[in-house]
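Just so we're on the same page: letters track the sequence lines, and every chain starts at 1.
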Amino acid sequence: MTDERLAMRAEIDAIVSRALNGDQTGYAELYDRFSASLYRLCYSLLLNEQDAEDILQESFLYAFKNLQRFDSRKASLKTWLYTIAISRCRNTYRRKRFITVDITQWLGLELKAPPAEAPEAAAIRRDASESISNALQELSPRLREAIVLRYGQGMTYREISEVMGCPQKTAESRVRLGHERLRKALQPVGLGLLEELLRVH
Amino acid sequence: MVRFKYRYCKVHMARYLSGDLADPVRRRVARFIDENEDCYREYMRHREFAQNLERSLPTFGRPNPQRLDAVWSTLQAELQTPQPQSAWFSDFGSRSNLQFSYALAVLAITIALMLPLAIGYRAAPLALDFPRAPHYAVVVRPVARALSGAPSFATVEPGSRGTASLLQSTPAPRF
């Protein structure tokens, strides 16, 4: 482990200790540090804003209520939080296995773009997001998890295997398979659209 | 050999690009990429796509800060909400929920077993008087004498129990 990572881990351990000693700002700090990435993880897996928010809230509620169970010698707080969130996301896939219709699409509604965004940029952003969303949806849940953790969260294979609860080799092969399927799925769209997404952001 | 090299590269390419391969394997993949055009093309395709994913996926699904604040407010409210149960009961419930369920199940089974004794249960007689199957008796009597005088005919009656009261004879054949 690099020095930078060790320092960050020690810092997070200190915040956890503060929170456990009853300091409310410790909880707020933990939420500030991890909520955005945890939300992105949930959204990338569930592809639904409301579900992602619900899982985010449930995961933090569980984590904060059980913070005394967290053992920093076994795993980092990020890995622990991600494990909690992934297990809840899996429950949601199971619940929604037979109900996959998005009501907003069904009713022909579209989510509004942020007000400051120009209409053209909003259209490009929507197209790029939809392409990625469709490509991710074509992957099986396990492959999607592996891809999102690897490329979306920048985790190492070891961390992915810890979060997904599988051997490291399995995590590697899932990333490889997911990568190939995603490439095939995005081939008709072209990589230019991904570039557009980057440019807009 | 060319196909082998290509397949080898394809299998290890993702880990090659992320720097997760062991030294001997990494060197072999690098050699194949140098030597083989297909391997090189695969490498370039893979690298470009991986770079795109690494840059675009983290921007995918970025949350709205206001929504995150709203989630935090709800979270705070839930964390500060006092438990409706008393401390003793909640502690008991959280620690030994499973044990409590098992204890209830055992209690229910015990009550079910004790109930007949409590309401004056008497053992059923062991010898039950089941209806018996009809008893067939074969009674052989000379009922007629044929020309030769030898054959005789028998009747079989249910429930006769060997008595002749219900016995009926079959008429002898007439020649």
Among residues 18-31 of chain A, which ones touch chain B with a heavy-atom distance under 4.5 Å?
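So far as heavy atoms go, A/Q24, A/Y27, A/A28, A/Y31 are the residues that approach chain B to under 4.5 Å.
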Among residues 156-171 of chain A, which ones touch chain B with a heavy-atom distance under 4.5 Å?
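Counting heavy atoms that sit under 4.5 Å from chain B, the residues of residues 156-171 of chain A involved are A/Y157, A/K169.
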Contact part of [X] toward chain B, heavy-atom cut-off under 4.5 Å: side chain, backbone, both or neither?
X	result
A/S133	both
A/L136	side chain
A/E180	side chain

Comparing B/H46, B/R67, B/M13 against chain A, the one with the most heavy-atom pairs below 4.5 Å turns out to be B/H46
Between B/N64, B/T74, B/V71, which has the largest tally of heavy atom pairs under 4.5 Å with chain A?
B/V71
Side-chain heavy-atom pair B/L68, A/L56 within 4.5 angstrom cut-off:
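Of all side-chain heavy-atom pairs linking A/L56 with B/L68, at least one is under 4.5 Å.
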Quick one: sort the A/F64 and B/W72 rings into parallel, tilted or perpendicular, breaks at 30° and 60°.
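Geometry flag for B/W72 against A/F64: perpendicular rings.
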Verdict with reasoning, B/S56 to A/Y151, per side-chain contact (heavy atoms from CB on, under 4.5 Å):
CA-CA 9 Å; B/S56 61; A/Y151 296 109; over 6 Å; no
Would you say that more than 12 heavy atoms from the other residues, nucleotides or ligands in this model lie under 6.0 Å from the CD of B/Q66, or not?
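Counting neighbours around CD of B/Q66, 12 or fewer heavy atoms of other residues, nucleotides or ligands fall under 6.0 Å, so no.
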Quick one: CZ on B/F60 to CZ on A/R40, what's the gap to the nearest 0.5 Å?
11.0 Å
Does any backbone or side-chain atom of B/A70 lie under 4.5 Å from a heavy atom of chain A? Answer side chain, backbone, both or neither.
neither
With no hydrogens and no angle check, is any side-chain donor or acceptor of A/R176 less than 3.5 Å from a backbone partner on B/V11?
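Yes; at least one donor-acceptor contact below 3.5 Å.
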